[in-house]
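A single structure is presented below for examination.
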Amino acid sequence: MGRSGAGKTSMRSLIFSNYTANDTRRLGATIDVEHSTVQFMGDLNLNIWDCGGQHKYLDNYLNEQKENIFGNVEVLIYVFDLETAHREGEYSLYDECLVNLATYSKDAKVYCLVHKMDKIPDQESKDNMVEMYRRALAKRSDLFKPEVFGTSIWDNTLYHAWSQIVHRLVPNMAVIERHLRNFQRLTEAAEVVLFERATFLVVCQMAADPNVQLNKYMSVSQAIKYYRNSCIQVQSPFQSLEIRNKSFSLFIEPFTKSTYILVVTVDREIEPAVTKANITTAREHFN
Ligand code: GTP
């Protein structure tokens, strides 16, 4: 949900349809609601409703169609265009959406994306902008406690936000986390990350050292997706990746039918062949 031109269809096309950021310039305005169902993590069906943001449609969602639009919602993603000239009007529209959400789907989770962050040049101003939205939105929504992210289709921030969103939607995440922790411990890997196969979103990550920042892998999602698209263009599908240097070895391998796994080892005594054999052995268990 969000005003026309905020970037809703662009982000959906990047994450779920292999568009590049440049491709989104060709997108037209969404007519009414575009429904799509994407398969995620194998047998999880994500029903995405991309609600066109032109006035006539918004009026319709908030009046005639409110039960249809706001009923049965698991997650509402509200996209704010940070360049808007009418921030207060934007907030009131958001308020109206939350009133309806409270009526028809009070257990939904709300994510707010402050979008087009690339338009702000420096990191400090970006942080201030997100903080401003965070404070303003926290004051407004007492039932829903929205999580706020700054995003842009031009960098990995979009993958960061969407990884958090889908992390919540995968029903058996606790089980996956437990098994991945065991895998990391048994293989003595420094870091292990599970990516969803189609979107390359991070679904789960583990590090031997709890102080390690794993956010860096959101950049891997974006890089691999671009690389994979380039591979398709030269008709040589992406299969796996291996990087070895003096301080670490990194492997990205197809894992279960719906995931890729990334494993980083730093112990030079662990032979790469052993790590690969461990991945092969674990594959059956995780499947
Ligand atoms: P409606 O379908 O009318 O509701 O609009 P929408 O919210 O789906 O907007 P859409 O995705 O069509 O994007 C509108 C324009 O914004 C496109 O030209 C995109 O290229 C551009 N855009 C989307 N995301 C970003 C971003 O992160 N940064 C910048 N600079 N432009 C973006």
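Index from 1, following the sequence. Just follow the structure's listing: the first ligand is 1, and inside any ligand the first atom is 1.
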Problem set entry | Lys/Arg cation over aromatic Tyr104: Lys106, 6.0 Å, 45° cone |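 Geometry flag: not set, cation outside 6.0 Å or 45°.
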Exercise. Does the pair Phe70 and Trp49 meet the rule for a ring pair (Phe, Tyr, Trp, His ring centres under 6.0 Å), with working shown?
Worked result: CA-CA 10 Å; Phe70 295 98; Trp49 290 32; 9.7 Å; no
For this session: If you have a sec, work out which protein heavy atom is nearest atom 11 (O) of ligand 1 and how many Å separate them, to one decimal?
Result: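 Result: Ser10 OG, 2.6 Å.
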For this session: List every atom of ligand 1 that sits less than 4.0 Å from any heavy atom of Trp154, numbering the atoms from 1 in the order shown and giving each element.
Result: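 This gives 28 (N), 29 (C), 30 (N) as the contact atoms.
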Problem set entry | Aromatic ring proximity Phe195/Tyr260, centre distance under 6.0 Å |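 Ring centroids of Phe195 and Tyr260 are no less than 6.0 Å from each other.
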Exercise. Mind checking whether Gly5 has an N or O less than 3.5 Å away from an N or O of ligand 1?
Worked result: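 The answer is yes, given that Gly5 and ligand 1 share an N or O pair closer than 3.5 Å.
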For this session: Output the list of atoms in ligand 1 that are nearer than 4.0 Å to some heavy atom of Ser152, sorted by atom number.
Result: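 In order of number, 27 (O).
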For this session: May I ask you to identify the nearest protein heavy atom to atom 28 (N) of ligand 1, giving residue, atom name and distance to one decimal place in Å?
Result: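 I find the closest protein heavy atom is Asp118 OD1, 2.7 Å.
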For this session: Kindly confirm or rule out an N or O of Thr30 lying under 3.5 angstrom from an N or O of ligand 1.
Result: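 Among all N and O atoms of Thr30, at least one is under 3.5 Å from an N or O of ligand 1.
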For this session: Return yes when atom NE2 of His35 has more than 12 non-hydrogen atoms of other residues, nucleotides or ligands closer than 6.0 Å, and no otherwise.
Result: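 Yes, because the 6.0 Å sphere around NE2 of His35 holds more than 12 heavy atoms from other groups.
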Problem set entry | Enclosure of Glu284 CD (heavy-atom neighbours >12, cutoff 6.0 Å) |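 Incorrect, the count does not exceed 12.
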For this session: Show which atoms of ligand 1 fall inside a sub-4.0 Å distance from at least one heavy-atom site of Lys119.
Result: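 The list of qualifying atoms is 30 (N).
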Problem set entry | Within-4.5 Å side-chain heavy-atom neighbours: Ser258 and Phe286 |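 They are not in contact (no side-chain heavy atoms under 4.5 Å apart), so the answer is no.
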Exercise. Looking at atom 7 (O) of ligand 1, what's its closest protein heavy atom, distance included?
Worked result: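 Checked against all protein heavy atoms, atom 7 (O) of ligand 1 sits closest to Lys8 NZ, 2.7 Å.
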Problem set entry | Residues that Trp154 engages under ring pair (Phe, Tyr, Trp, His ring centres under 6.0 Å), provided they are two or more places apart |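 Expected list: none.
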Exercise. Does some non-hydrogen atom of Met11 fall short of 4.0 Å from ligand 1?
Worked result: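 Flag not set, Met11 not near ligand 1.
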Problem set entry | Which residue and heavy atom of the protein sit nearest atom 9 (O) of ligand 1, plus the separation |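 Result for atom 9 (O) of ligand 1: Gly7 N, 3.2 Å.
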For this session: Please say whether Gly53 places an N or O atom under 3.5 Å from an N or O atom belonging to ligand 1.
Result: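 So ligand 1 has an N or O lying under 3.5 Å from an N or O of Gly53.
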Problem set entry | Check: Asp50 N/O within less than 3.5 Å of ligand 1 N/O |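 Between Asp50 and ligand 1 (N or O atoms, distance only) the closest approach is not under 3.5 Å.
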Problem set entry | Pick from Met117, Arg3, His115, Arg26: the one approaching atom 24 (N) of ligand 1 most closely through a non-hydrogen atom |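 Considering heavy atoms of Met117, Arg3, His115, Arg26, the nearest to atom 24 (N) of ligand 1 sits in His115.
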For this session: Give yes if a backbone or side-chain nitrogen or oxygen of Ser4 is under 3.5 Å from a nitrogen or oxygen of ligand 1, and no if not.
Result: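 Yes, since at least one N or O of Ser4 sits under 3.5 Å from an N or O of ligand 1.
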Exercise. Looking only at non-hydrogen atoms, which of Ile31, Leu158, Ile153 approaches atom 27 (O) of ligand 1 most closely?
Worked result: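 Looking at heavy atoms only, Ile153 sits closest to atom 27 (O) of ligand 1.
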Problem set entry | Of the listed options Leu27, Asp23, Asn22, closest to atom 12 (O) of ligand 1 (non-hydrogen atoms) |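 Looking at heavy atoms only, Leu27 sits closest to atom 12 (O) of ligand 1.
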Problem set entry | Those atoms of ligand 1 less than 4.0 Å from some heavy atom in Ala29 |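 So the answer, numbered in order with elements, is 2 (O), 3 (O).
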Exercise. Would Gly2 count as a contact of ligand 1 if the rule is a heavy atom under 4.0 Å away?
Worked result: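 Contact absent.
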Exercise. Any nitrogen or oxygen of Ala6, main chain or side chain, under 3.5 Å from a nitrogen or oxygen of ligand 1?
Worked result: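 Looking only at distances, the answer is yes, because the N/O contact criterion of under 3.5 Å is met.
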Exercise. Transitively linked via ILVMFWY side-chain contacts under 4.5 Å: Leu82 with Met132?
Worked result: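 In one cluster with Leu82: Met132, yes.
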For this session: Would you mind telling me which of Leu137, Leu76, Leu143 makes a side chain to side chain contact (heavy atoms under 4.5 Å, CB included) with Leu98?
Result: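 When Leu137, Leu76, Leu143 are each tested with Leu98, the side chain to side chain contact (heavy atoms under 4.5 Å, CB included) holds only for Leu76.
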Exercise. So, Phe80 versus Tyr133, ring centres under 6.0 angstrom or not?
Worked result: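 For Phe80 and Tyr133, the ring centres are under 6.0 Å apart.
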For this session: Return yes when atom CD of Glu131 has more than 12 non-hydrogen atoms of other residues, nucleotides or ligands closer than 6.0 Å, and no otherwise.
Result: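 More than 12 heavy atoms, drawn from other residues, nucleotides or ligands, come within 6.0 Å of this atom.
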Problem set entry | Nearest-neighbour protein heavy atom for atom 17 (C) of ligand 1, which is reported as residue plus atom name and distance |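 Of every protein heavy atom, Thr24 O, 3.8 Å lies nearest to atom 17 (C) of ligand 1.
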Problem set entry | For atom 32 (C) of ligand 1, closest protein heavy-atom neighbour |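 Here the closest protein heavy atom is Lys116 CE, 3.7 Å.
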Exercise. For Thr9 and Thr30, what are the C-alpha separation, side-chain angles and deciding distance, and is it a side-chain hydrogen bond (donor to acceptor under 3.5 Å, both in side chains)?
Worked result: CA-CA 7 Å; Thr9 309; Thr30 305; 2.8 Å; yes
Problem set entry | Sub-4.0 Å atoms of ligand 1 with respect to non-hydrogen atoms of Gly52 |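 Those of ligand 1 that fall under 4.0 Å from Gly52 are 4 (O).
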For this session: Please lay out, stage by stage, how Phe183 and Met206 fare under the test side chain to side chain contact (heavy atoms under 4.5 Å, CB included).
Result: CA-CA 10 Å; Phe183 175 81; Met206 295 290 159; over 6 Å; no
